[in-house]
Structure formats: structure tokens, C-alpha cells
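Only one structure is covered here, and it is reproduced in the block below.
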Amino acid sequence: MTDKKFSLKRLFEFYDEVLSLPHKNEVARELRDEDDLFLLLVYSDLLGIPNPAFYYTLELYPYIIEKFHDWHLRMGMEKSPLDGIRCC
């Protein structure tokens, strides 16, 4: 009886994977785009775009500084556009 449940569970997992496989790239791209937009909003004041929530986003800098290098490369900037942040 336990073998039947185990195989049924594996069947459901396989079915779920088959259904989600065509959309994995699409979901990953959407998540990356949302992450890029978030980083743009956080660093917008340093880039010259007014950000009314700049004071509150300062607290996030230590957590997202590691992602900054990947972000500015994805945005097409070879070097860091910010004077205070050297990552390259």
C-alpha cells in the first residue's frame, strides 16, 4: 500500500513539473524584472531620480549591495554608476 502512495505521489510531482516546465523561464524573467525595478527604485536618488522614500530605503542598502554588481551589468553599465559604491 505504501508503494502505491509513493508512486502516486511521484506521478503527481511529475505531472506538476510537466505543466510548469514551459513557464519556468517566463517566471524567472518576471522575477528578475521585478528585482531590477526594485533596485532601480532603491538607488534612484543616487542616480538623480527623486525618490520620496529615500530615507527609508537607506536601511536596505546593506542587504542589497551584493546584488548591485549583477544589476548594473544587466542594465548595460560596465562600471558602477555610483561614486560611493565600488563593486568592479
Mind checking whether Phe38 and Leu60 have side chains closer than 4.5 Å, heavy atoms only?
yes
d(Asp33 CG, Glu30 CD) to nearest 0.5 Å is 5.5 Å
Check the hydrophobic clustering (I, L, V, M, F, W, Y; side-chain heavy atoms under 4.5 Å; chains of links allowed) and say if Leu40 and Ile64 are grouped together.
yes
Would you say CD of Glu17 has more than 12 non-hydrogen atoms from neighbouring residues, nucleotides or ligands within 6.0 angstrom?
no
How far apart are the closest heavy atoms of Asn51 and Val42, and which atoms are they?
ND2-O, 4.3 Å
Rounding to 0.5 Å, atoms CG (Asp36) and NZ (Lys67) come to a distance of 10.0 Å
Output for pair (Leu39 CG, Ser44 OG), nearest 0.5 Å, gives 11.0 Å
Can you tell me how far the OG atom of Ser7 sits from the CZ atom of Phe12, to the nearest 0.5 Å?
10.0 Å
